[in-house]
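What follows is a short report on a single structure.
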Number of protein chains: 2
Amino acid sequence: MKYSTRDKILDAVYKLVYINGYNGTSIDMILKECAIPKGSLYHYFKSKKEMVLAVVKERIAPKMYEFYDLKKVKEENSIDTMIRAILKVSKKEELVKFGCPLNRLNQEMSPVDDDFDKAINLIYERMKSDILSVLKDSSIKPDVDMDSLAEFIIATVWGSLSLSPKHSSKKRYLNTINHLIDYLKSLKN
Amino acid sequence: MKYSTRDKILDAVYKLVYINGYNGTSIDMILKECAIPKGSLYHYFKSKKEMVLAVVKERIAPKMYEFYDLKKVKEENSIDTMIRAILKVSKKEELVKFGCPLNRLNQEMSPVDDDFDKAINLIYERMKSDILSVLKDSSIKPDVDMDSLAEFIIATVWGSLSLSPKHSSKKRYLNTINHLIDYLKSLKN
DNA sequence: TTGATTTTAGACTATTTAGTCTAGTTAAAG
DNA sequence: CTTTAACTAGACTAAATAGTCTAAAATCAA
């Protein structure tokens, strides 16, 4: 099980684009980061854009889905499963430090590039439906609109993570997100 | 009262950087947008960075403060003033379409540039204290932590606005933000 | 009007950018 | 072992990049 050149590239691009953004990351930075020659890079990917789109699908997407595949603890109300997922976010240091990688790329690329917009939206919709499937078998007051609640959860988590990355800390995230948790608890039937 | 070259530049840069980001906006794009020669540009600003920092201070900042200087309606609980401010955001088409300009720039520049980080943080802190001063004379349940509540409000609004700019609409914002409003109402004493 | 200052004009430069191309090397398959 | 395919290597290109420079024009103050 060796560390393939392609994987090396995707890891480097993920890391660099996460922090510097798409336009802030040059091919040369990538080559330096993974110490490979240009020929190899363009052997695996036909352009920078295709490369970063591969990162979206193969690196960012799995990281996003990861947060909502919590196994339900027996007898637990599903809303508590949701709360556990939200709290678990604080354990991922890079998220608390640099914000959500999907959200970052979304803000930079969605308004100016259709392919990025589509790729990112696909992941967003899947996240949303994952959340919905957790919420739907929880006992929530009947008058609550589930769809907008799922969006509210994502928006709040993303927003909390995006508050001034350099200064945000685990504690700050938890303080902010605590209000979301209180709200979710208040929706229990 | 003429439209000065400097203002013309700041307006163009605001618009271009808002949509394309800092690294996605070139000097040539700016020159084309405001139809001035390079000499003029570099007469008013010594570098691209200084130019965009001026946009942050002179264009973005006022737009941000604008949303929290609502006059309190007589007899109104201040929390309702807050809610009115949050709802008013939906009336600004560009916000709903492209997200919060401060948040966008923050995500792109704060992790990689100290000067941007500082300038943006200053605005953020002022917004937060504006919100706090509205909240502090409202009748909110005593056990609520005001500071994190102010951050929660900003995070949620920013997050709601950042959900997939291309597809977000006024209605989507309002649906999402409605949960925040319900939560705020529940905090009334 | 004159003289000083501010603003405009855009050609020019050095660097960086994404991407190409061809030759060489390594690995896989028979 | 030999042949074919996958991969590496990096020099090279054309375009775009931020920023400089000098001279001309417009504006302002006396």
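All values derive from a computational prediction rather than experimental measurement.
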Margin query: To the nearest 0.5 Å, what is the distance between OH on A/Y183 and CZ on B/F152?
Written below: 9.0 Å
Next item on the list: Classify the nucleic acid contact of A/S4 as base, sugar-phosphate or nothing, counting any heavy atom under 4.0 Å across all strands shown.
Entry: nothing
Checklist line | Salt-bridge present (A/R126, A/D130; N to O < 4.0 Å) | finding: yes
Checklist line | Nucleotide nearest B/P37 (side chain, heavy atoms from C-beta), chosen from C/dA18, D/dA18, C/dT8 | finding: C/dT8
Notebook entry, point to check: Tell me: CG of A/L31 to P of D/dT8, nearest whole Å?
Noted result: 12 Å
Next item on the list: Give a yes/no answer on whether the side chain of A/T5 brings an N or O atom under 4.0 Å of OP1 or OP2 in D/dT8.
Entry: yes
Item checked: Ionic contact status for B/R59 with B/D7, cut-off 4.0 Å -> yes
Item checked: B/Y44 side-chain proximity, nearest of C/dA18, C/dT8, D/dT17 -> C/dT8
Margin query: Can you see whether B/F116 has B/K49 sitting over its ring - NZ or CZ less than 6.0 Å from the centre and within 45° of the normal?
Written below: no
Item checked: Distance, rounded to the nearest Å, where A/I30 contributes CD1 and C/dT17 contributes P -> 11 Å
Checklist line | Interatomic distance, B/N23 CG vs D/dA16 P [rounded to whole Å] | finding: 18 Å
Next item on the list: Can you tell me the distance, in whole Å, between the NZ atom of A/K8 and the C1' atom of D/dC7?
Entry: 12 Å
Margin query: Looking only at side-chain N and O atoms, does A/Y22 offer a donor or acceptor that is under 3.5 Å from a partner on A/D113?
Written below: no
Checklist line | Interatomic distance, A/M29 CE vs C/dG19 P [rounded to whole Å] | finding: 16 Å
Checklist line | Spacing of A/M51 atom CE relative to C/dA18 atom P, expressed in whole Å | finding: 9 Å
Check: What's the closest nucleotide to the B/D28 side chain, out of D/dT8, D/dT17, D/dT20?
Finding: D/dT17
Check: Considering only D/dT8, D/dT17, C/dT17, which nucleotide approaches the side chain of B/S26 most closely?
Finding: D/dT17
Notebook entry, point to check: Among C/dT20, C/dT8, D/dA18, which is the nearest nucleotide to the side chain of A/K38?
Noted result: C/dT20
Next item on the list: Send over the distance from B/I36 CD1 to C/dT8 C1', rounded to a whole Å.
Entry: 9 Å
Check: Expressed in angstrom and rounded to an integer, what is the separation of B/H43 atom NE2 from D/dT27 atom P?
Finding: 13 Å
Margin query: Measuring from the side chain of A/K48 (C-beta onward, heavy atoms only), which nucleotide among D/dA6, C/dA18, D/dT20 has the closest atom?
Written below: C/dA18
